[in-house]
Asks: 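Sending over a structure as structure tokens; questions will come in a sec.
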2 protein chains.
Amino acid sequence: MDEKEQAQIIIGKLMNIGGMLQKKANQLLSPFGLNQQQFSLLFEIFKAGRVNQKTMVNRLMLEKAHVSKIIKKLHSMGLIGIVPSTDDKRSSWLSITEKGKDVVEGCRKALGEWNGAWITSLAGGERMKMVDSLSLLQSSLRDAIQDK
Amino acid sequence: MDEKEQAQIIIGKLMNIGGMLQKKANQLLSPFGLNQQQFSLLFEIFKAGRVNQKTMVNRLMLEKAHVSKIIKKLHSMGLIGIVPSTDDKRSSWLSITEKGKDVVEGCRKALGEWNGAWITSLAGGERMKMVDSLSLLQSSLRDAIQDK
DNA sequence: TCTATATAGTTGACAAGGAAACTATATTTC
DNA sequence: GAAATATAGTTTCCTTGTCAACTATATAGA
């Protein structure tokens, strides 16, 4: 198995696992009226405290049109607040509401209850190595994508 | 970092990497008029020689409605042939056409040219370990999803 | 100070993907 | 053999995600 073949197998598996995980997350989150990307954006706003869309676009590597539409939805659901920026009239500050925090907590609980179980197929030591390897791959993939 | 925390980090990274890879693959394949899922279905038909939709649904873990629509598209593009089964009138046999084989080759080349580069951030030995770990995760995730 | 260019975000058009309901056929049960 | 149930695949409806074009505002350059 040469380098190229290994690369193809790893990438195939990463896409397959990623696809299954996303689909499962979408199912687990649908009772909250969100999908995985919408939740991750809400969660990022929660973590950031106060943030603008541009930053979310960059941090999550999503299309700005898509972020705009998700923001609209989250706002209409009452999960985030939007305050126009005084520095830049084109822009707004996003922050989570109390309702939004409740939803984030519920989502994390729903995901956590499912996620914890199946990963025990990997031993503890291997999990630490996996974290390291995935971090490496993640950042070099990011670089490769942004270089384009 | 306890087990639960490790699980969350690994899953977050797997989804993020999977998402980036899928998006990139979609970009690379769009000149062929396909996206990543459509290509993977075409590729599976290519590998199988002759196969029915039910098998594709199971093997790729896609919605049957979705497979049906992709089949329709691939057929209208002239990439696959469809022959009604004589055993079961509800079903058909799918196979790739010469044109389809050309497209598969072109797609593999396009993906291969990009995929090979960035994964070198992992050393050879680590790549083998990664293959093993991802295989474990993949099959236990599959089991977890199908158990539901 | 005015014009040209860049940027933050929005909207429309379109294709994709999921869920549910459907049709036609196969299998099981009585 | 007929009725009930299951199955293979299709279609409709709806939401999502991408792309391109747009508006309003900020910044750069002359």
Side-chain angles (χ1 to χ4, degrees), chain A residues 15 18-42 45 51-77 80 82-94 145 148, chain B residues 15 18-42 45 51-77 80 82-94 145 148:
Chain A
M15 291 213 283
M20 290 196 278
L21 285 173
Q22 187 181 44
K23 198 173 253 196
K24 187 65 190 179
N26 285 344
Q27 283 169 9
L28 292 168
L29 297 173
S30 78
F32 300 92
L34 300 177
N35 69 21
Q36 185 268 319
Q37 280 188 323
Q38 291 157 357
F39 168 67
S40 73
L41 182 52
L42 181 65
I45 294 171
V51 73
N52 62 15
Q53 286 183 206
K54 171 66 170 174
T55 303
M56 292 297 84
V57 168
N58 290 339
R59 203 173 285 174
L60 297 174
M61 291 178 79
L62 297 176
E63 297 283 339
K64 58 180 181 173
H66 187 191
V67 169
S68 186
K69 289 176 182 180
I70 297 178
I71 292 302
K72 192 167 188 174
K73 174 171 174 168
L74 296 180
H75 187 244
S76 78
M77 289 172 78
I80 61 171
I82 304 179
V83 172
S85 169
T86 49
D87 301 318
D88 184 339
K89 285 180 168 47
R90 299 171 299 177
S91 192
S92 301
W93 291 112
L94 313 170
I145 284 170
K148 203 51 178 77
Chain B
M15 293 216 278
M20 290 195 279
L21 286 173
Q22 186 181 44
K23 199 173 254 197
K24 188 65 191 177
N26 285 345
Q27 282 168 10
L28 292 169
L29 297 173
S30 78
F32 300 92
L34 300 178
N35 67 22
Q36 183 268 320
Q37 279 191 322
Q38 290 157 358
F39 168 67
S40 72
L41 181 50
L42 180 65
I45 293 170
V51 74
N52 63 14
Q53 287 184 205
K54 171 66 172 176
T55 303
M56 293 296 83
V57 167
N58 290 340
R59 203 172 284 174
L60 298 174
M61 293 177 79
L62 297 176
E63 296 285 337
K64 58 181 180 172
H66 187 192
V67 169
S68 186
K69 291 172 182 177
I70 297 178
I71 292 301
K72 193 167 186 171
K73 173 171 175 166
L74 296 180
H75 187 243
S76 77
M77 288 173 81
I80 60 172
I82 303 178
V83 172
S85 168
T86 49
D87 302 319
D88 185 339
K89 285 180 168 47
R90 300 171 297 179
S91 191
S92 302
W93 291 112
L94 312 170
I145 283 170
K148 205 47 180 76

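Because the structure is a prediction, the values reported are computed rather than measured.
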Asks: Test of understanding: with side chain to side chain donor-acceptor pair (under 3.5 Å), list the residues that count as partners of N26(A), not counting sequence neighbours.
Replies: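 Checked N26(A) against side chain to side chain donor-acceptor pair (under 3.5 Å); zero matches.
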Asks: Please compare S91(B) and G33(A) by the position of their nearest nucleotide in DNA chain D and report the one closer to 5'.
Replies: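 This one resolves to S91(B).
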Asks: Return the value, rounded to whole Å, for the distance between atom CG of L29(A) and atom P of dT15(D).
Replies: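 Rounded to the whole Å, the gap is 18 Å.
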Asks: Looking only at side-chain N and O atoms, does Q37(B) come under 4.0 Å of OP1 or OP2 in dA16(C)?
Replies: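 So the side chain of Q37(B) is outside the cut-off, no N or O lying under 4.0 Å from OP1 or OP2 of dA16(C).
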Asks: Can you check the M61(A) CE to dT18(D) P distance for me, whole Å?
Replies: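 Rounded to whole Å, this separation is 12 Å.
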Asks: What contact category does N35(B) fall into here, base, sugar-phosphate, or nothing, at under 4.0 angstrom with non-hydrogen atoms?
Replies: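 Sugar-phosphate: the residue N35(B), judged by heavy atoms under 4.0 Å, touches backbone atoms but no base.
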Asks: Would you classify N52(B) as touching base, sugar-phosphate or nothing, given that sugar-phosphate means primed atoms plus P, OP1 and OP2, and contacts are heavy atoms under 4.0 Å?
Replies: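 Touches sugar-phosphate only.
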Asks: To the nearest 0.5 Å, tell me how far T86(A) OG1 sits from K89(A) NZ.
Replies: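 If I round to the nearest 0.5 Å, the distance is 7.5 Å.
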Asks: Does L94(A) reach the side chain of I82(A), with side-chain heavy atoms less than 4.5 Å apart?
Replies: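 Touching, per the 4.5 Å side-chain cut-off.
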Asks: Is there a donor-acceptor contact under 3.5 Å from the side chain of Q22(B) to the main chain of G19(B)?
Replies: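 Looks like no, no N/O pair under 3.5 Å.
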Asks: How many whole angstroms separate atom CG of L34(B) from atom P of dG17(C)?
Replies: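 To the nearest whole Å, that distance equals 11 Å.
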Asks: As a test of reading the structure: which of dG9(C), dG9(D), dT10(C) is closest to the side chain of S68(A), going by heavy atoms?
Replies: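 The answer is dT10(C).
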Asks: Let me know the distance between CD of E63(A) and P of dG12(C), rounded to the nearest Å.
Replies: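 Checked: the CD to P distance equals 18 Å.
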Asks: Which nucleotides of nucleotides 20-28 of chain D have their base under 4.0 Å from a protein heavy atom (B), which only their sugar-phosphate (S), and which neither (-), written as one string 5' to 3'?
Replies: B---BBS--
Asks: Would you please name every residue forming a side chain to side chain contact (heavy atoms under 4.5 Å, CB included) with M15(B), sequence neighbours left out?
Replies: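 With neighbours one apart ignored, the set is L21(A), A25(A), Q36(A), I11(B).
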Asks: Do any side-chain atoms of residues 65-77 of chain B form donor-acceptor pairs under 3.5 angstrom with protein atoms, and if so which ones, sequence neighbours left out?
Replies:
{"unit_1": "K73(B)", "atom_1": "NZ", "unit_2": "G33(B)", "atom_2": "O", "d": "3.1"}
{"unit_1": "S76(B)", "atom_1": "OG", "unit_2": "K73(B)", "atom_2": "O", "d": "2.9"}

Asks: Name all pairs fulfilling the side-chain hydrogen bond (donor to acceptor under 3.5 Å, both in side chains) condition that reach into residues 51-60 of chain B, sequence neighbours left out, sorted by first residue then second.
Replies: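 Checked against side-chain hydrogen bond (donor to acceptor under 3.5 Å, both in side chains) - neighbours excluded - the pairs reaching residues 51-60 of chain B are N52(B)-T55(B).
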Asks: Kindly point out which of dG9(C), dG17(C), dA13(C) is positioned nearest to the side chain of K69(A)?
Replies: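 Nearest nucleotide to the side chain: dA13(C).
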Asks: Without decimals, in angstroms, what is the distance between K23(A) NZ and dA19(C) C1'?
Replies: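 Checked: the NZ to C1' distance equals 12 Å.
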Asks: For DNA chain C, what string of dots and brackets results from 5' to 3' when Watson-Crick and G-U pairs need both distances under 3.5 Å, crossing pairs get [ ], and pairs with another strand get |?
Replies: ||||||||||||||||||||||||||||||
Asks: Just compare dT11(C), dA8(D), dG17(D) and give me whichever is closest to any side-chain atom of K72(A).
Replies: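 Comparing dT11(C), dA8(D), dG17(D) against the side chain of K72(A), the answer is dT11(C).
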